Amino acid sequence: MDSTTAKILDGKALAARMREQIRLEAAELTQKHGRAPGLAVILVGDDPASHVYVKNKKSGCEKTGIHSISHELPAETTQQHLLGLISELNQDPKVDGILVQLPVPAHINPETIIEAIDPGKDVDGFHPYNVGRLTARKPALRSCTPYGCMKLLEETGLDLHGKECVIVGASNIVGRPMALELLLAGATVTVCHRFTRNLQAHIERAEIIIAAAGKQGLIKGEWIRPGAVVIDVGIHRREDGSLTGDVEFESASQHAGWITPVPGGVGPMTITMLLANTLQAFRKHLGES
Ligand SMILES: NC(=O)C1=CN([C@@H]2O[C@H](COP(=O)(O)OP(=O)(O)OC[C@H]3O[C@@H](n4cnc5c(N)ncnc54)[C@H](OP(=O)(O)O)[C@@H]3O)[C@@H](O)[C@H]2O)C=CC1
Ligand SMILES: Nc1nc(=O)c2c([nH]1)NC[C@@H]1CN(c3ccc(C(=O)N[C@@H](CCC(=O)O)C(=O)O)cc3)C=[N+]21
């Protein structure tokens, strides 16, 4: 009965469709108000993995008519200097969204940086104001990766009410906001983390699995309940340069009902939700929503 092969949740295709909508809406507002949406991206130092993200984000902006402004700062940049730049961008009326690429170098406190961003420009949805809004069931700007995972789950057509969801990972940027999104959608949510005993037992009873531990192949295909939905957030580069996730894709596909590939699953959706958030912030700044 496990001989089925999972349907692929194609993040790349969904991202392309959503980007087309974003492009049309951005063009209409740009025409009407005489300026394009603006996204400022700050990169401090050069974490190699960050470059992929920054590159994909730039191309996403270009394709959707969002004006992107990059600030690439040296690794030695002081926290004070970074706070000064954020303050300028907070006040710049051409800037609708501000994103500081994480991780930042060790001498900079990421929480201080995130909290310095105007919550109305916090297109990552990381500011405690935006996290609080999601907690209070009145989401404003939502974290891009969990928001993208929710859009992928929508593609399955499943009703999330009462579904047994297991999230692996409890970080501020993925696991925790993911739990809030699923709770808002009426699911029953378990969050696993480093201190979780018997991860396998949790996975085995899950109808929906969100894998975001950042551990290559942590989740074995044999653990997947037949028909379950598997959303793999993890991204790891193999020695041959290819990418893989936190889930053993081949074996998991033999059990799951739906599964996201890596690459081409959650990654393109994260970028797309960033563009969607930038458009949402733009609309708000224009008084259109
Ligand atoms: N596709 C995309 O768009 C994105 C992909 N990513 C990828 O997703 C992964 C996770 O990212 P991020 O959340 O930033 O990572 P973090 O390292 O910040 O968080 C990982 C979380 O997983 C938990 N964890 C680690 N090992 C285990 C384990 N063996 N069992 C259960 N839980 C475990 C950690 O627990 P503890 O808190 O106790 O340490 C932590 O809560 C990475 O591979 C990253 O590259 C991230 C963002 C976007
Ligand atoms: N402030 C901040 N916000 C973030 O959202 C953020 C961050 N910092 N730091 C790093 C993580 C990671 N992340 C990715 C997003 C998309 C892809 C992506 O597009 N992945 C492609 C693969 C790209 C390739 O070909 O290498 C895919 O999965 O198909 C990857 C990684 C966002 N993050």
Side-chain angles (χ1 to χ4, degrees), residues 8-16 19 39-45 47-60 86 97-104 108 110-111 113-114 117 121-127 130 141-149 151-152 166-179 190-203 209-220 223 231-238 241-247 249 260-275 277-278:
I8 299 293
L9 276 172
D10 187 342
K12 207 171 166 186
L14 177 58
R19 282 176 203 197
L39 173 64
V41 174
I42 307 174
L43 181 58
V44 188
D47 175 69
S50 291
H51 283 295
V52 176
Y53 177 54
V54 171
K55 186 192 76 198
N56 289 355
K57 181 238 57 167
K58 271 186 194 158
S59 106
I86 291 171
I98 302 170
L99 177 150
V100 180
Q101 180 72 21
L102 298 177
V104 285
I108 295 175
E111 283 161 27
I113 299 307
I114 289 165
I117 297 170
K121 296 191 177 187
D122 168 40
V123 285
D124 262 328
F126 293 166
H127 191 287
N130 286 313
L141 288 167
R142 310 157 82 142
S143 293
C144 303
T145 301
Y147 194 7
C149 292
K151 295 287 178 190
L152 285 163
V166 172
I167 301 165
V168 187
S171 71
N172 286 349
I173 76 166
V174 188
R176 281 165 202 264
M178 190 72 233
T190 301
V191 184
C192 299
H193 45 74
R194 206 173 293 280
F195 301 121
T196 297
R197 286 171 283 137
N198 206 348
L199 177 65
Q200 179 177 348
H202 287 285
I203 301 293
I209 297 150
I210 313 284
K215 295 275 148 62
Q216 182 174 340
L218 174 70
I219 294 164
K220 309 299 170 207
W223 298 355
I231 309 281
D232 193 351
V233 181
I235 298 189
H236 311 278
R237 196 166 287 278
R238 295 199 196 89
S242 65
L243 297 180
T244 183
D246 282 5
V247 180
F249 183 85
T260 60
V262 179
V266 176
M269 289 306 295
T270 295
I271 310 271
T272 300
M273 301 331 289
L274 172 68
L275 305 173
N277 279 348
T278 304

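None of the values given here were measured: they were computed from a predicted structure. Counting convention: from 1, in listed order, for ligands and their atoms alike. Heads up: numbering here begins at 1 and tracks the sequence.
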Any idea which heavy atoms bring [X] and [Y] closest together, and the distance?
X: Asp246; Y: Ala213; value: OD2-N, 2.7 Å
X: Asp232; Y: Gly234; value: OD1-N, 3.2 Å
X: Leu102; Y: Ser50; value: O-OG, 4.0 Å
X: Asp122; Y: His127; value: OD2-N, 2.8 Å
X: Gly169; Y: Val191; value: O-CG1, 3.7 Å
X: Ala212; Y: Val233; value: CB-CB, 3.9 Å

Establish whether [atom] and some protein heavy atom are separated by less than 4.0 angstrom.
atom: atom 37 (O) of ligand 1; value: no
atom: atom 17 (O) of ligand 1; value: no
atom: atom 32 (C) of ligand 2; value: yes

Spatial distance of atom [atom1] ([X]) from atom [atom2] ([Y]) [nearest 0.5 Å]:
X: Asp124; Y: Gln101; atom1: CG; atom2: CD; answer: 8.0 Å
X: Lys55; Y: Ile271; atom1: NZ; atom2: CD1; answer: 10.0 Å
X: Ser171; Y: His193; atom1: OG; atom2: NE2; answer: 12.5 Å

Which residue owns the protein heavy atom closest to [atom], what's the atom, and how far is it?
atom: atom 11 (O) of ligand 1; answer: Val174 CG2, 4.4 Å
atom: atom 10 (C) of ligand 2; answer: Gln101 NE2, 3.4 Å
atom: atom 1 (N) of ligand 1; answer: Val233 O, 3.4 Å
atom: atom 14 (C) of ligand 2; answer: Tyr53 CD1, 3.6 Å
atom: atom 8 (N) of ligand 2; answer: Leu102 N, 3.1 Å
atom: atom 42 (C) of ligand 1; answer: Gly214 CA, 3.6 Å
atom: atom 27 (C) of ligand 1; answer: Ala213 CB, 4.0 Å
atom: atom 1 (N) of ligand 2; answer: Asp124 OD2, 2.7 Å
atom: atom 26 (N) of ligand 1; answer: Lys215 NZ, 3.1 Å
atom: atom 17 (C) of ligand 2; answer: Gly267 CA, 3.8 Å
atom: atom 34 (C) of ligand 1; answer: Arg194 NH2, 3.9 Å

Under 4.0 Å from ligand 1, counting heavy atoms only, is it the side chain of [X], its backbone, both or neither?
X: Ile173; value: side chain
X: His236; value: side chain
X: Leu218; value: side chain

Short list, please: which atoms of ligand 1 are under 4.0 Å from a heavy atom of [X]?
X: Ser171; answer: 12 (P), 13 (O), 18 (O), 19 (O), 41 (O)
X: Thr145; answer: 3 (O), 48 (C)
X: Gly267; answer: 1 (N), 3 (O)
X: Ala212; answer: 10 (C), 20 (C), 21 (C), 22 (O)
X: Gly169; answer: 21 (C), 22 (O), 23 (C), 41 (O)

So, does Asn56 sit close enough to ligand 2 that a heavy atom of it is under 4.0 Å from the ligand? yes
Any N/O pair Val100/ligand 2 closer than 3.5 Å: yes
Under 4.0 Å to a heavy atom of [X] - the qualifying atoms of ligand 2, by number:
X: Gly264; result: 27 (C), 28 (O), 29 (O)
X: Arg237; result: 26 (O)
X: Pro268; result: 27 (C), 28 (O), 29 (O)

Under 3.5 Å: N/O of [X] near N/O of ligand 1:
X: Ala170; answer: yes
X: Thr270; answer: yes
X: Ile235; answer: yes

Heavy atoms of other groups near Arg197 CZ, more than 12 under 6.0 Å: no
Is it the case that over 12 heavy atoms from other parts of the model lie below 6.0 angstrom from the CD atom of Gln200? yes
Is the contact between [X] and ligand 2 made by the side chain, the backbone, both, or neither, using heavy atoms and a 4.0 Å cut-off?
X: Leu243; result: side chain
X: Lys57; result: neither
X: Ile235; result: side chain

Could you pull out, from Arg176, Gln216, His193, the option with a heavy atom nearest to atom 31 (C) of ligand 1? His193
